[in-house]
Amino acid sequence: MSKGHATAWGQLPLSLNQLCLATVLRCGQSFRWKASGPDEWSCGFPDRIISLRQSPTHLHYRATFPSPPPPSSKDDTIEIVKDYFNLSVDLAALYEKWASADPNFKKKAGEFRGVRMLRQDPWECLIGFICSSNNNISRIGQMVDKLCATYGTPLGTITHTSTNPLSPSSASAENKTPPTEVPYYSFPKIEALTGSDVEETLRKLGFGYRAKYIYKTACMVQNDRPKGFLKTLRDDKDYKEAHAELIQFTGVGPKVADCVCLMSLDKMGAVPVDTHVWQIATRDYKFGKGKHRSLTPAIYEAVGDLFRDLWGDAAGWAHSVLFTADLRTFSDRLENTKTTTTVNSKTKVKIEVKEEEVEVKEEEEGEEEEVKEEVIKTVEKRVRKRGANGKVKAEVTIKTEEVTERRTRRRRG
DNA sequence: ATCTAGCCTGTTGG
DNA sequence: ACCAACAGGCTAG
């Protein structure tokens, strides 16, 4: 059990169409949730650790407090959870709307249900996305962990039990990883990041040039803004106003500002345009027809407008579904790829079956064009797993892929 | 208005 | 195993 004072598990009814925990907590909105067990996730909040599990019908939650609560106090964790996951928004209804307006959304959404926007703390969101510049999700998570461990408040530990399914090579017999006690921390308060040593410390921790951005932004929020400034961007300002305020901070450009607007300030129409969204716009929606070389502010806004015209007021929420579908982490769910998971008592085998696919890309007339043909051949292999008694336990077909790529550059016109 | 180089460094794919 | 190139950009010029 965890050191700390854990409450009993509570639950609230919730369908997978409203929330898919394993997707939402890994798609790069928040960088702090850890897998604390098989299908269990934990994260430090200001005064407690919250742990979550999900069944097809319910979301299960419990809190672990650093010190025992007074006997009469009632646990308000459910309120925090409802707020954090924006549960007053009916996501399934929105999916219906987006799917009827956009065939491409309809096609992708099937494998990515329950992708909703979190309603995070604006300060945490701001710092998290300053870390995200020119960076990958895995490293951002590690950086935010270090930030919390260095400048946050200890909240106790959570017992982590083995999370990843045993890899086929080491799947034999008894190699369970033993449970470990993992410390959790709150996210640092604003004041904690205004110390004169902060930039240097963060550089030593591997934050690179982002160390200065974090320190300077903390100082600006703390010293040059009224108390509670970021929350007023949520309550008193519209999207454009909030965005304009956010890009005043060092290390915050249009993209980071849109992330903060969308994920913490209730601005559902904010569409952060990063390399993924740019890819989606040009590849799937033929934006600009290959004309643009770089993402200027004007083009940045035009991409957002494209999606706002298509999906409406909550375009930022819709964008997140397609963004998530574009992440490599979830590439096993792509439509031309079917995955089967075979489970017996000791082994989990994941098999990817990729269907044959021939893709020809063409760009517009008059320009130099690159024609890329990607041919994926699949080779079948049948594998039988037998138990000690020789009885067949499982039979699977594994298809491995051979990819050949042909590139030709030529001029037309 | 628009473009470019430079920035830090862990992860990832060849 | 190693080594580039990339990664959910921003700033200054």
Side-chain angles (χ1 to χ4, degrees), chain A residues 23-33 112 115 117-118 120 124-147 198-218 220 243-264 270-284 288 291-304 307 316-332 374 400-405 407:
Chain A
T23 306
V24 168
L25 298 183
R26 292 190 302 148
C27 72
Q29 292 190 54
S30 166
F31 306 104
R32 272 181 344 116
W33 288 89
F112 291 90
V115 180
M117 298 315 304
L118 302 175
Q120 303 183 61
E124 173 178 343
C125 196
L126 178 60
I127 298 301
F129 281 96
I130 288 176
C131 292
S132 79
S133 76
N134 213 352
N135 210 344
N136 55 65
I137 294 176
S138 163
R139 185 178 168 214
I140 301 163
Q142 293 181 45
M143 285 166 60
V144 174
D145 275 348
K146 287 177 187 172
L147 194 65
V198 168
E199 181 180 344
E200 187 193 342
T201 302
L202 292 182
R203 275 201 176 262
K204 283 181 187 158
L205 290 173
F207 281 63
Y209 55 84
R210 303 164 197 88
K212 180 160 65 182
Y213 297 164
I214 292 168
Y215 168 67
K216 284 189 139 186
T217 293
M220 288 171 80
H243 192 272
E245 291 289 352
L246 288 169
I247 58 176
Q248 300 305 310
F249 295 118
T250 314
V252 179
K255 188 269 178 181
V256 169
D258 271 328
C259 288
V260 177
C261 282
L262 178 63
M263 303 176 194
S264 73
V271 179
V273 182
D274 54 36
T275 54
H276 287 268
V277 178
W278 178 245
Q279 291 301 314
I280 292 166
T282 54
R283 181 192 62 211
D284 301 338
K291 274 190 174 124
H292 306 290
R293 300 195 164 273
S294 62
L295 192 57
T296 64
I299 298 173
Y300 182 98
E301 204 175 328
V303 173
F307 289 127
W317 281 53
H319 124 283
S320 176
V321 178
L322 296 195
F323 171 85
T324 302
D326 210 58
L327 286 178
R328 203 172 44 234
T329 321
F330 302 113
S331 62
D332 59 349
E374 195 171 279
T400 51
E401 40 178 285
E402 280 176 14
V403 184
T404 39
E405 215 173 69
R407 286 167 183 273

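In the text below, chain A, chain B and the rest are named by the order of the sequence lines, each starting its count at 1.
Taking only side-chain atoms of A:T296, from C-beta outward, the nucleotide of C:dG9, B:dG10, B:dC3 with the closest atom is B:dC3.
The residues A:E124 and A:R32 are annotated as salt-bridged, a charged nitrogen and a carboxylate oxygen being separated by less than 4.0 angstrom. Between A:R283 and A:D326 there is a salt bridge, since a side-chain N of the basic residue sits under 4.0 Å from a carboxylate O of the acidic one.
In this structure, A:E200 atom CD and B:dC8 atom P are separated by 14 Å, rounded to whole Å. Counting to the nearest Å, the C1' atom of C:dT11 and the OH atom of A:Y215 are 19 Å from each other. The interatomic distance linking A:Q142 (CD) with B:dT9 (C1') rounds to 11 Å, in whole Å. Between A:D145 atom CG and B:dT11 atom P there is a gap of 12 Å when expressed in whole angstrom units. Taking atom CG of residue A:L327 and atom C1' of nucleotide B:dT11, one finds them 15 Å apart after rounding to whole Å. Atom CG of A:L202 is separated from atom P of B:dG10 by 14 Å (rounded to the nearest Å). At whole-Å resolution of the value, CD1 in A:I299 and P in B:dA1 are 14 Å apart. One interatomic measurement links the two molecules: CD of A:E301 to P of B:dT2, which rounds to 12 Å at whole-angstrom precision.
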For DNA chain C, the expected dot-bracket line (Watson-Crick or G-U under 3.5 Å, [ ] crossing, | inter-strand) is .||||||.|||||
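A 6.0 Å sphere centred on NZ of A:K212 holds no more than 12 heavy atoms belonging to other residues, nucleotides or ligands. Within 6.0 Å of atom CD in A:Q248, more than 12 heavy atoms from other residues, nucleotides or ligands are found, so the atom counts as buried in its surroundings. Residue A:Q279 qualifies as enclosed at atom CD: its count of foreign heavy atoms under 6.0 Å is above 12.
Here OH of A:Y215 is found 11.0 Å from OG1 of A:T250. Values are rounded to the nearest 0.5 Å.
Residue A:Q29 is classed as a base contact, given a heavy-atom separation below 4.0 Å to a base. Residue-level contact check: A:P297 touches neither bases nor backbone, having no heavy atom under 4.0 Å from any strand. The residue A:C131 sits apart from the nucleic acid: no heavy atom pair falls under 4.0 Å. Using a 4.0 Å heavy-atom distance criterion, A:V277 is classed as making no nucleic acid contact. A:Y300 comes within 4.0 angstrom of nothing in the nucleic acid, heavy atoms only. Base engagement by A:F323 is indicated by at least one non-hydrogen atom pair under 4.0 Å involving a base atom.
Two residues are said to be in side-chain contact when any heavy atoms from C-beta on lie closer than 4.5 Å; A:L126 and A:F249 meet this criterion.
Residues satisfying the side chain to side chain contact (heavy atoms under 4.5 Å, CB included) test with A:F323, not counting sequence neighbours, are A:D274, A:H276, A:V277, A:H319, A:L327.
When ring centroids are compared, A:F129 and A:F31 come within the 6.0 Å threshold.
Considering every non-hydrogen atom in both A:Q29 and A:M263, the closest pair reads CA-SD, 3.9 Å.
Mapping A:I140 and A:F249 onto DNA chain C by nearest heavy atom places A:I140 closer to the 5' end of the strand. Positionally, the nearest nucleotide of DNA chain C for A:F129 lies more toward the 5' end than for the other of A:F129 and A:G251.
Between the P atoms of C:dG9 and B:dT12, the separation comes to 16 Å (whole Å). Taking the P atom of each, C:dA5 and B:dA5 are spaced 16 Å apart, rounded to whole Å.
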Spell out protein contact along nucleotides 1-7 of chain C as letters: B when the base is contacted, S when just the sugar-phosphate is, - when no protein heavy atom is under 4.0 Å; keep the 5' to 3' order. ------B
